[in-house]
Amino acid sequence: MPKTRDVAVVVGSLRAASISRRIALALAPLAPDSLKLSIVEIGDLTLYNQDLEATTPPAWTAFRDRIRAADAVLFVTPEYNRSMPGALKNALDVGSRPAGKGAWSGKPGAVVSVSPGAIGAFGANHHLRQSLVFLNVPAMAQPEAYLGGADKLLDAEGKIANEGTRKFLESFLSAFAIWIERNATV
Ligand SMILES: Cc1cc2nc3c(=O)[nH]c(=O)nc-3n(C[C@H](O)[C@H](O)[C@H](O)COP(=O)(O)O)c2cc1C
C-alpha cells in the first residue's frame, strides 16, 4: 500500500467566494486515500522584496517550512489577464528563496486551472508551468486540467455537480498519486 502523501494545495485566488478555492475544497474527497490534500494560505505573504531576507517575515518562514514539509504541491488557480494571479506568482517567488534552498525544488506538482470562461484558464496554467520548470517542480503533463464554465460546476453543498467532471477529476487525482510515487524523493 502506498504511504499517505501530504499534498499542499495552493489556491491562486484570495477572495472569500473564490470558485478556485471551492473547487480545491471539492477535490479533497475525490482524491485516493493515499493523498491528504490541505490548502496552504498565501494571502498573508508580504510582496517579495529581497531586502526583507535580512529579517525574514514570519509568514514567509512559515510558508517555506510548510511547503518543504509537503510531499507534493497541487496548484488550483484562476487566470488574470491570460496569466497567473500576482498573489500566486508572489507565493512562488517567496517559496523559491533563499537561492539554492528553494522550498519547491523536487516536489511533484500538478496544475488545475479554473475559469467561468470557455478556455479554462489555459494561459494561467501554462505560465505557471513555465515557472515550475525553473523551480524544479516536476509537473504532471497528463492529464491536463482546464476547468471552463467553472461557475456552474459546483452544487449548493460545494460538491462537483457534473458527473463527467467529477469522474475526470477523480482520474486526474489518481494519476497525480501515481506521479507522486514516481517522483517522490522520500
Ligand atoms: C484582474 C482580473 C483579470 C481577469 N482575467 C481573466 C482572464 O484572463 N481569463 C479568464 O478566463 N478570466 C479572467 N478573469 C475572470 C476570472 O476568471 C473570474 O473572476 C474568476 O471567478 C476568478 O477566480 P476566483 O473565482 O477563483 O476568484 C479575470 C478577473 C480579474 C479580477
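As a basis for the values below, the full set of heavy atoms in this structure was taken, side chains included, without hydrogen atoms, waters or symmetry mates. In listed order, ligands and their atoms are each counted from 1. Predicted model, so just to flag it, every value in this text is computed and none were measured.
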Would N81 count as a contact residue for ligand 1, given that I'm defining contact as a non-hydrogen atom of the residue lying under 4.0 Å from a ligand atom? yes

Could you tell me whether the side chains of Y48 and Q50 share a donor-acceptor contact shorter than 3.5 Å? no

From S171 atom OG to R166 atom CZ, the distance as rounded to the nearest 0.5 Å: 12.5 Å

Does the distance from a Lys or Arg side-chain N to an Asp or Glu carboxylate O, for E41 and R21, drop under 4.0 Å? yes

Atom 2 (C) of ligand 1: nearest protein contact (heavy atom, Å): Y80 CD1, 3.7 Å

At what distance is the nearest protein heavy atom to atom 9 (N) of ligand 1, and which residue and atom is it? E79 OE1, 2.7 Å

Within a distance under 4.0 Å of any heavy atom of S115, pick out the atoms of ligand 1 and give their elements. 10 (C), 11 (O), 12 (N), 17 (O)

N90 CG to T46 OG1 distance, which is reported to the nearest 0.5 Å: 8.0 Å

Got more than 12 heavy atoms from elsewhere within 6.0 Å of CD1, I119? no

Cluster question for you: counting only ILVMFWY and a side-chain heavy-atom cut-off of under 4.5 Å, with indirect links fine, are V40 and V7 together? no

I want to know if ligand 1 touches S13 in the polar sense, i.e. an N/O pair below 3.5 angstrom. yes

Between R82 and ligand 1, which residue portion shows a heavy-atom distance shorter than 4.0 Å: side chain, backbone, both, or neither? both

Scan the protein's non-hydrogen atoms and note whether one is under 4.0 Å from atom 19 (O) of ligand 1. no

Heavy-atom proximity to atom 17 (O) of ligand 1, picking from P78, A16, P116, A24, points to P116

Side chain, backbone, both or neither: which part of S20 comes within less than 4.0 Å of ligand 1 when only heavy atoms are counted? both

If only side-chain N and O atoms count, and only distance matters, is there a donor-acceptor pair under 3.5 Å linking N125 with R129? yes

